[in-house]
Amino acid sequence: MSTTPAPELMFVSETAKYIRRTERGLRQMIYEGKAPKHGKVAGRIMFRKSDVDAWINEQFESSETAA
């Protein structure tokens with residue numbers, strides 16, 4: 001039986017600090033559909049760190065094509 005490591009999960013507060021936004025700003029991004037991929041775990045919004053990192057990389061890629 002193989003086991004895969006559980007993804008590193010982040011709360012809204014942790015994710016907001018990580019992307020240097022306020023919690024309110026991140027919640028607004030969620031509402032507008034502009035936030036990194038997220039889901040509800042036990043009734044709380046959670047982010048996988050890998051998804052947040054991928055989202056950050058996408059922001060740089062999209063800004064390079066716009067320039």
Side-chain angles (χ1 to χ4, degrees):
M1 180 172 115
S2 69
T3 59
T4 56
E8 185 177 348
L9 297 176
M10 300 167 65
F11 293 113
V12 170
S13 59
E14 295 168 321
T15 305
K17 286 179 187 175
Y18 190 68
I19 66 169
R20 296 183 176 154
R21 298 289 306 244
T22 63
E23 284 186 51
R24 183 176 180 189
L26 178 54
R27 290 183 188 280
Q28 183 66 33
M29 290 172 64
I30 292 168
Y31 176 78
E32 293 172 354
K34 297 178 181 179
K37 197 167 160 183
H38 56 281
K40 279 198 174 182
V41 178
R44 296 187 69 178
I45 296 173
M46 301 287 285
F47 296 82
R48 289 184 289 213
K49 187 175 182 297
S50 60
D51 289 334
V52 178
D53 289 335
W55 177 84
I56 290 169
N57 289 331
E58 288 170 13
Q59 303 311 300
F60 281 95
E61 290 170 9
S62 65
S63 68
E64 288 172 1
T65 59

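- Note that the CZ atom of Phe11 and the CG atom of Leu26 stand 14.0 Å from one another [nearest 0.5 Å].
- Nearest heavy atom pair, residue Ser13 against residue Glu23, reads CB-OE2, 3.3 Å.
- The hydrophobic cluster containing Ile45 does not contain Leu9, counting ILVMFWY residues as joined when their side-chain heavy atoms lie under 4.5 angstrom apart, directly or transitively.
- Note on Val12: it clusters hydrophobically with Met10, by side-chain heavy-atom contacts below 4.5 Å among ILVMFWY residues.
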Show every donor-acceptor pair shorter than 3.5 Å between a side-chain atom in residues 27-44 and any protein atom, with sequence neighbours excluded, or say none if there are none.
{"residue": "Gln28", "atom": "NE2", "partner": "Glu32", "partner atom": "OE2", "Å": "2.9"}
{"residue": "His38", "atom": "ND1", "partner": "Pro36", "partner atom": "O", "Å": "2.8"}

### Query
Can Glu14 and Phe47 be said to form a side chain to side chain contact (heavy atoms under 4.5 Å, CB included), step by step?
CA-CA 9 Å; Glu14 295 168 321; Phe47 296 82; over 6 Å; no
